[in-house]
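Numbers restart at 1 for each chain; the letters A, B, ... are given by sequence-line order, proteins then strands. The figures that follow rest on heavy atoms only: side chains count, while hydrogens, waters and symmetry mates do not.
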Amino acid sequence: MGLYDFLNDEQYQAVTHGSGPLLVLAGAGSGKTRVITHRIAHLIRECGVSPYRILAITFTNKAANEMKERVARLLDNEYNDVWVSTFHSACVRMLRRFCSGLGYDTNFAIYDTDDQKRAMKDVLRHLNIDVKQFPPKQVLAVISKAKNELIGPEDFRSSDIGRTCDRNIARAYTEYQEFLQKNNAFDFDDLLMKTVEMLQTNHEALAYYQDRFEHILVDEYQDTNTAQFELVRLLATHINRDGEPEHNLCVVGDDDQSIYSFRGANIRNILDFEKTYPDATVIKLEQNYRSTKRILEAANAVIKNNMGRKEKSLRTDNDEGELVRVTEYPSDLDEAKEIVREIGKQVRDGHSTYSDYAILYRTNAQSRAFEEQFVYSGIPYRLVGGTNFYERMEIRDMLAYLRVIENGNDAVSLKRIINVPKRGIGDTTVDRVDDYAYVKDIALYDALCNASDIPSLGSRAISGIRKFTEMIDSLRAMLSGDGYHLPQIIDDVLAATGYEEDLTAQEPEKASDRMNNITELKNKLAQYEQQADQPSLSGFLAEVALVADIDSIDSGSDYVVLMTLHSAKGLEFNHVFISGLEDGLFPSCRSIESDDPGLSEEEGIEEERRLFYVGITRAMQSLMISYAVQRMTRGEMQFNRPSRFLSELPREVTKKSIAGGSSWSDRNSMRGSAGRYGGSYNSGSYGSNSAGRSNSYGSGSYGNRSAGRGGSYGSGSYGDSSSGRGDYYTSGGYGNRSAGRSDSFGYDSDSSSYGSSRKPAGSASSGNVGGSYRSPYTKPTTPAPVAASASALGYGVGDRVKHIKFGIGTVRSITAGTHDYEVTVEFAAGVKQMLASFAKLVKVD
DNA sequence: ACGCCGACCGTCCGA
DNA sequence: CGGTCGGCGT
């Protein structure tokens, strides 16, 4: 069996393309992974390219592993040193080698969202910026956006993003980057931005990788952001044997599946590939091997409503298949109940197994209803996403210990575990040490080691701190001992800290679960040690930081999979349920309201539509779409209109129905209770927004508002829009649910349900955040006056001053430190050197 | 220093 | 509804 046997013409062309840039526009299910793997095999086997000189970048670790396996299989396991990884792990690898030029050590930490928030809180506190006015999360969102655009703190102010922001954001950005560097840590966005910076400034590094990578292949190219684009562009210049520069860059993607603009992905990267590389070859793969004709027709019909896409239309030789089913349920509960019941029934009928099924939804919050039903019915399921293993409290604690042992500069992790279990080092103590470290411009850990020099600390605190640092030091010493195995560190940490005992004491019921998780972590460490080329603690920590939940789903076991539409990208299932097709949920209210100034409303909706397209095209044999009339959101009952996308499905391939749902009494009680949830018909504002654009949801589209049960649902119940389709619902009533929709419900336009405080950080007024200069130092724990100048201290050399502990003394000298003044005072107890802002010296006459 | 309680608040999507 | 966090009371 040859390498090319199962390739169609277009695939063959892509696989055997010679040198130079290549863009493969691969529609959903058109075999793009096959093209990449076969191309790698082709390059190695037929073109004599060394596997070592090939870099393949995928979106997830799971995809990377799959790709590695498939390439190995094609090559009879002859080669395994093709570099296949995600963008982020590739960056980590490059940074490990060359980051010293950026002022980082190779054992750097990688900060996730939670770490970032903690770090930002510290930063804002030091800058005396009010976190109420500038929530860390929002500040971080702006910074993330800048980083994705490769805008560093220096260029931020003059950038498009920075110009529209409060200058406090710029201050925070600068300080945050300094903080990260002091902590020897990168956040996710840094991994990309800093790698680009490294390649731009370090010519040795750039030359090394440009020379090494003769061929670069990028999967899911439509989801790359500017930083990733630039990274690829930098790397993809190779000098060939004739001394000519070549760009052997093969990117594969589908602009219709671009769904990550919220994290900076720029769809222009794929649309403008030919502008960047005018000599690029473009190949379209339009033959779909995955779905039935009807499913594909639905997908095509939906996506063609988007403007500005590369024209293409998928075709398939597969069977016609079943009709796409669209079902209305009275409530989210009924939706979950019925879908789970349906899966159980189909599997019992013997035509399928649980692993044939996936339930997809827009937001993770929707998973709960399904989970409950699965637990209740005893059907095996697996939830992808949400809180993953590494986000569990006990795992984060253990990892924080490991991180501190590995990298003492990591103050975020240090603060997490310094008093866990409780060892008498409370918040005040930590704040005091932190302030001292900040003023002295040293690492928090180093400040802890010098705790006895910190005047504000009591002796209890000092001895507690000493015990702590001694413990960390000894753990660190153990780790570097000869023949030490990594998993052992878990036991040693547990033993040294008494963590398990504390766990048992704190929450006896959960303790054993949590300990099992810790054991699981130990197993992962053992597994890592065996499989890694050069195992190290920092290597493990990096791997852990970069795993996604999706990486762990295996196709071997038999369970239904639950995940978001985003997570589903790149996967396929025989039977797919897409739930929650309601305006405000899918498309999300954020995309409808488009508060994002960088994104027009239509762009937001188009991305949602692409997401729907991704969902539809996951299905191989059958597709079931559903929505609920009422849905519990944030403890509040909401009534949403059916999604506008539903009207885009061609009626010829769909079959619509209204499910009765739960029992009469249930429904009555629901209806009865509906009245209590006043004013939450949150898409109300949509009506007026859209008035000019479409007539689809005008008044009356819900038909007989007050009709009794059994009354017609009215024509054009969803989308009587331009297509002229409609009147699907001629009978079957869930008629008077619209009681809740009567005018008394009110279209409350300032709908509290979706957050009235969603003001972008940038537009927040600058407020009362002090002067325009950063004060040299403000003691955060007390609102003490700022010691901004020597005269502001209120005393000078020679003055007699009073100290809270040492009493009266005479000032001998005052010198300016990094952030503050060091004051030397002669007390009766001796000469003390102290920092002005700590000592709170008061002049006495 | 620490625990408890009430206010708040948010939440999309994710490497 | 559920988690987080700051304030307050020991």
Report the distance from atom [atom1] of [X] to atom [atom2] of [N], rounded to the nearest whole Å.
{"X": "A:Gln222", "N": "B:dG14", "atom1": "CD", "atom2": "P", "result": "16 Å"}
{"X": "A:Arg118", "N": "C:dG6", "atom1": "CZ", "atom2": "P", "result": "11 Å"}
{"X": "A:Met637", "N": "C:dC1", "atom1": "CE", "atom2": "C1'", "result": "12 Å"}
{"X": "A:Lys132", "N": "C:dT4", "atom1": "NZ", "atom2": "P", "result": "16 Å"}
{"X": "A:Leu191", "N": "B:dG14", "atom1": "CG", "atom2": "C1'", "result": "14 Å"}
{"X": "A:Phe188", "N": "B:dA15", "atom1": "CZ", "atom2": "C1'", "result": "5 Å"}
{"X": "A:Leu457", "N": "B:dA1", "atom1": "CG", "atom2": "C1'", "result": "14 Å"}
{"X": "A:Asp114", "N": "B:dG14", "atom1": "CG", "atom2": "C1'", "result": "15 Å"}

Quiz item: Ring of A:Tyr260 versus six-membered ring of B:dC13: centres under 5.5 Å and planes under 30°?
Solution: no
Ignoring backbone atoms, test whether [X] places a side-chain nitrogen or oxygen under 4.0 Å from the OP1 or OP2 oxygen of [N].
{"X": "A:Ser591", "N": "B:dC12", "result": "no"}
{"X": "A:Asn364", "N": "B:dG14", "result": "yes"}
{"X": "A:Thr633", "N": "B:dT11", "result": "no"}

Regarding [X], tell me which of base, sugar-phosphate or nothing describes its non-hydrogen contacts under 4.0 Å with the strands shown.
{"X": "A:Arg368", "result": "sugar-phosphate"}
{"X": "A:Ser588", "result": "base"}
{"X": "A:Lys121", "result": "sugar-phosphate"}
{"X": "A:Thr429", "result": "sugar-phosphate"}
{"X": "A:Asp112", "result": "nothing"}

Quiz item: Centre of A:Tyr111's six-membered ring, under 6.0 Å away, within 45 degrees of the axis: is that where NZ or CZ of A:Arg403 sits?
Solution: no
Practice problem: Would you mind telling me which residue lines up with the more 5' stretch of DNA chain B, A:Gly426 or A:Arg263, judged by nearest nucleotide? | Solution: A:Gly426
Exercise. On DNA chain B, check which nucleotide each of A:Ile425 and A:Lys137 is closest to and give me the residue with the more 5' one.
Key: A:Ile425
Quiz prompt | Geometric class of the A:Phe645/A:Phe612 ring pair [parallel <30°, tilted 30-60°, perpendicular >60°] | solution = parallel
Self-check item: Who pairs with B:dG6 - Watson-Crick or G-U, where each distance is under 3.5 Å
Solution: C:dC5
Quiz item: Is there a Watson-Crick or G-U wobble partner for B:dC13 with both distances under 3.5 Å, and which nucleotide is it?
Solution: none
Self-check item: Ring center gap for A:Phe186 and A:Tyr104 short of 6.0 angstrom
Solution: yes
Quiz item: Are the aromatic ring centres of A:Tyr260 and A:Phe262 under 6.0 angstrom apart?
Solution: yes
Quiz item: Quick one: does A:Asn148's side chain have a donor or acceptor within less than 3.5 Å of a partner on A:Ser144's backbone?
Solution: yes
Quiz item: Between the main-chain N or O of A:Ser588 and the side-chain N or O of A:Glu608, is there a donor-acceptor pair closer than 3.5 Å?
Solution: yes
Quiz item: Taking the P atom of each, how far is C:dG6 from B:dT11, in whole Å?
Solution: 15 Å
